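Written below as C-alpha coordinates is the structure these notes are about.
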Amino acid sequence: MTAITEELRKDIGQADIVALATVNKEGEPNVVPIFFWKVLSGDELLLVDIFMKKTVDNIRVNPLVAISAWYKDSSGNSIGYQFKGEARIETQGRIFAEGVTMVKDAEPELAPKGAVIVKVNSVYSVSPGPDAGKQLS
Ligand SMILES: Cc1cc2nc3c(=O)[nH]c(=O)nc-3n(C[C@H](O)[C@H](O)[C@H](O)COP(=O)(O)O)c2cc1C
(Lines give C-alpha, C1' and ligand atoms only; values in the text may rest on other atoms or scores of the structure.)
Protein backbone atom coordinates (compact mmCIF):
# COMPACT_ATOMS: atom_id res chain seq x y z
CA MET A 1 0.00 0.00 0.00
CA THR A 2 1.27 3.48 -0.87
CA ALA A 3 0.19 5.31 2.26
CA ILE A 4 2.51 8.21 1.45
CA THR A 5 1.61 9.47 -2.02
CA GLU A 6 3.99 11.66 -4.04
CA GLU A 7 1.79 14.68 -3.27
CA LEU A 8 1.84 13.94 0.44
CA ARG A 9 5.60 13.40 0.31
CA LYS A 10 6.08 16.90 -1.16
CA ASP A 11 3.73 18.35 1.44
CA ILE A 12 5.30 16.87 4.52
CA GLY A 13 8.80 17.61 3.23
CA GLN A 14 7.96 21.14 4.38
CA ALA A 15 7.69 20.04 8.01
CA ASP A 16 10.92 20.76 9.90
CA ILE A 17 10.22 18.91 13.10
CA VAL A 18 7.88 16.01 13.70
CA ALA A 19 6.44 14.64 16.94
CA LEU A 20 7.05 10.92 17.55
CA ALA A 21 4.76 9.23 20.08
CA THR A 22 5.39 5.83 21.62
CA VAL A 23 3.97 3.94 24.57
CA ASN A 24 5.67 1.84 27.24
CA LYS A 25 4.57 -1.57 28.44
CA GLU A 26 2.40 -0.02 31.17
CA GLY A 27 0.61 2.05 28.51
CA GLU A 28 2.25 5.33 29.50
CA PRO A 29 2.56 7.59 26.44
CA ASN A 30 5.75 9.44 25.48
CA VAL A 31 6.18 12.05 22.77
CA VAL A 32 9.39 13.67 21.52
CA PRO A 33 10.29 16.24 18.84
CA ILE A 34 12.53 14.89 16.06
CA PHE A 35 14.41 17.04 13.55
CA PHE A 36 16.29 14.37 11.58
CA TRP A 37 13.63 12.52 9.62
CA LYS A 38 12.65 11.83 6.01
CA VAL A 39 10.25 9.88 3.84
CA LEU A 40 12.00 6.68 2.75
CA SER A 41 9.39 5.25 0.39
CA GLY A 42 5.66 5.10 -0.28
CA ASP A 43 5.07 3.53 3.11
CA GLU A 44 8.14 4.12 5.26
CA LEU A 45 9.51 7.01 7.31
CA LEU A 46 13.01 7.25 8.75
CA LEU A 47 13.72 9.05 12.02
CA VAL A 48 17.30 9.14 13.23
CA ASP A 49 18.06 8.11 16.81
CA ILE A 50 20.77 10.32 18.26
CA PHE A 51 19.45 11.04 21.74
CA MET A 52 16.45 8.71 22.08
CA LYS A 53 16.06 6.86 25.38
CA LYS A 54 12.45 6.14 26.45
CA THR A 55 11.48 6.26 22.78
CA VAL A 56 13.66 3.30 21.77
CA ASP A 57 12.93 1.44 25.03
CA ASN A 58 9.24 1.78 24.21
CA ILE A 59 9.61 0.68 20.57
CA ARG A 60 11.42 -2.45 21.74
CA VAL A 61 8.44 -3.49 23.87
CA ASN A 62 5.69 -2.05 21.64
CA PRO A 63 6.43 -1.10 18.02
CA LEU A 64 3.19 0.84 17.53
CA VAL A 65 3.93 4.54 17.03
CA ALA A 66 2.19 7.73 15.91
CA ILE A 67 3.85 10.71 14.24
CA SER A 68 2.52 14.19 13.60
CA ALA A 69 4.08 16.48 10.97
CA TRP A 70 2.89 20.02 10.26
CA TYR A 71 3.85 23.21 8.46
CA LYS A 72 2.34 26.50 7.26
CA ASP A 73 1.60 26.77 3.55
CA SER A 74 2.35 29.86 1.43
CA SER A 75 -1.01 31.39 2.41
CA GLY A 76 -0.27 30.92 6.09
CA ASN A 77 -2.65 27.99 6.54
CA SER A 78 -1.62 25.27 9.01
CA ILE A 79 -1.37 21.88 7.31
CA GLY A 80 -0.85 18.74 9.37
CA TYR A 81 -0.75 14.99 9.01
CA GLN A 82 -0.75 12.10 11.42
CA PHE A 83 0.89 8.77 10.60
CA LYS A 84 0.35 5.53 12.47
CA GLY A 85 2.44 2.45 12.01
CA GLU A 86 4.98 -0.03 13.29
CA ALA A 87 8.55 0.94 14.04
CA ARG A 88 11.72 -1.12 13.89
CA ILE A 89 15.25 -0.12 14.84
CA GLU A 90 18.31 -0.77 12.67
CA THR A 91 21.83 0.01 13.84
CA GLN A 92 23.68 -1.01 10.70
CA GLY A 93 23.06 -1.34 6.96
CA ARG A 94 21.93 0.93 4.14
CA ILE A 95 19.11 2.78 5.91
CA PHE A 96 21.19 3.42 9.03
CA ALA A 97 23.98 4.76 6.77
CA GLU A 98 21.45 7.06 5.09
CA GLY A 99 20.48 8.43 8.50
CA VAL A 100 24.12 8.92 9.51
CA THR A 101 24.77 10.87 6.29
CA MET A 102 21.71 13.06 6.86
CA VAL A 103 22.89 13.97 10.36
CA LYS A 104 26.61 14.32 9.59
CA ASP A 105 25.91 16.61 6.60
CA ALA A 106 24.15 19.03 8.94
CA GLU A 107 25.87 18.46 12.28
CA PRO A 108 29.17 16.55 11.87
CA GLU A 109 29.79 16.37 15.63
CA LEU A 110 26.62 14.33 16.28
CA ALA A 111 26.81 10.53 16.51
CA PRO A 112 23.63 8.73 15.40
CA LYS A 113 22.95 5.49 17.27
CA GLY A 114 20.24 3.99 15.10
CA ALA A 115 17.57 4.32 12.47
CA VAL A 116 13.93 4.19 13.54
CA ILE A 117 12.06 2.98 10.48
CA VAL A 118 8.29 3.34 10.60
CA LYS A 119 6.14 1.25 8.30
CA VAL A 120 3.10 3.50 7.90
CA ASN A 121 -0.27 1.75 8.01
CA SER A 122 -2.60 4.75 8.05
CA VAL A 123 -2.51 8.50 7.43
CA TYR A 124 -4.91 11.11 8.78
CA SER A 125 -5.31 14.83 8.25
CA VAL A 126 -4.87 16.92 11.38
CA SER A 127 -5.22 20.23 9.54
CA PRO A 128 -7.66 22.54 11.33
CA GLY A 129 -11.04 22.63 9.62
CA PRO A 130 -13.88 20.30 8.66
CA ASP A 131 -11.53 17.48 7.57
CA ALA A 132 -9.54 17.43 10.83
CA GLY A 133 -9.09 13.82 11.89
CA LYS A 134 -10.19 12.41 8.53
CA GLN A 135 -8.42 9.23 7.41
CA LEU A 136 -6.60 9.79 4.10
CA SER A 137 -5.15 6.31 3.56
C1 LIG B 1 13.79 20.53 18.38
C2 LIG B 1 14.31 19.17 18.78
C3 LIG B 1 14.73 18.29 17.79
C4 LIG B 1 15.22 17.02 18.15
N5 LIG B 1 15.61 16.17 17.15
C6 LIG B 1 16.07 14.93 17.51
C7 LIG B 1 16.47 14.00 16.49
O8 LIG B 1 16.43 14.26 15.30
N9 LIG B 1 16.90 12.77 16.91
C10 LIG B 1 16.97 12.43 18.25
O11 LIG B 1 17.37 11.30 18.57
N12 LIG B 1 16.59 13.28 19.21
C13 LIG B 1 16.13 14.52 18.88
N14 LIG B 1 15.75 15.38 19.86
C15 LIG B 1 15.78 14.92 21.26
C16 LIG B 1 14.47 14.13 21.56
O17 LIG B 1 13.36 14.97 21.35
C18 LIG B 1 14.44 13.61 23.03
O19 LIG B 1 15.06 14.52 23.88
C20 LIG B 1 15.10 12.26 23.17
O21 LIG B 1 14.45 11.32 22.33
C22 LIG B 1 15.05 11.74 24.62
O23 LIG B 1 13.71 11.60 25.02
P24 LIG B 1 13.10 10.13 25.30
O25 LIG B 1 13.83 9.56 26.49
O26 LIG B 1 11.65 10.40 25.60
O27 LIG B 1 13.30 9.31 24.03
C28 LIG B 1 15.29 16.66 19.53
C29 LIG B 1 14.86 17.56 20.50
C30 LIG B 1 14.39 18.81 20.15
C31 LIG B 1 13.93 19.76 21.24
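Everything numeric in this text was worked out from a predicted model, so none of it was measured. Throughout, numbering of the chain's residues begins at 1 and tracks the sequence. Each ligand, and each atom within it, is numbered from 1 in the order the structure gives.
- Any N or O atom pair closer than 3.5 Å counts here, and Ile50 shares at least one such pair with ligand 1.
- Using a 4.0 Å threshold on non-hydrogen atoms, atom 26 (O) of ligand 1 counts as touching the protein.
- Scanning the protein heavy atoms around atom 8 (O) of ligand 1, the nearest turns out to be Phe36 N, 2.9 Å.
- When non-hydrogen atoms are compared, ligand 1 lies under 4.0 Å from the side chain of Asn30 (C-beta onward) but not from its backbone.
- Between Ile34 atom CD1 and Ile17 atom CD1 the span is 9.5 Å, to the nearest 0.5 Å.
- The protein heavy atom nearest to atom 14 (N) of ligand 1 is Pro33 O, 3.4 Å.
- Lys119 places no side-chain N or O within donor-acceptor distance of the main-chain N or O of Ala87, the cut-off being under 3.5 Å.
- With a 4.0 Å heavy-atom cut-off, ligand 1 is reached by the side chain of Ile17 but not by its N, CA, C or O.
- Ranking protein heavy atoms by distance to atom 24 (P) of ligand 1, first place goes to Lys54 N, 3.5 Å.
- The number of heavy-atom neighbours closer than 6.0 Å to CD of Gln135, taken from other residues, nucleotides and ligands shown, is above 12.
- Taking only nitrogen or oxygen atoms, main chain and side chain alike, Phe51 reaches within less than 3.5 Å of ligand 1.
- No donor-acceptor distance shorter than 3.5 angstrom exists from the side chain of Ser75 to the backbone of Asn77, with no hydrogens or angles considered.
- Counted within 6.0 Å of NZ on Lys104, heavy atoms from surrounding residues, nucleotides or ligands total more than 12; the atom is thus considered enclosed.
- The single protein non-hydrogen atom nearest to atom 23 (O) of ligand 1 is Val32 CG1, 3.6 Å, given as residue, atom name and distance.
- Taking hydrophobic clusters as Ile, Leu, Val, Met, Phe, Trp and Tyr residues chained together by side-chain heavy-atom distances below 4.5 Å, Phe83 shares a cluster with Met52.
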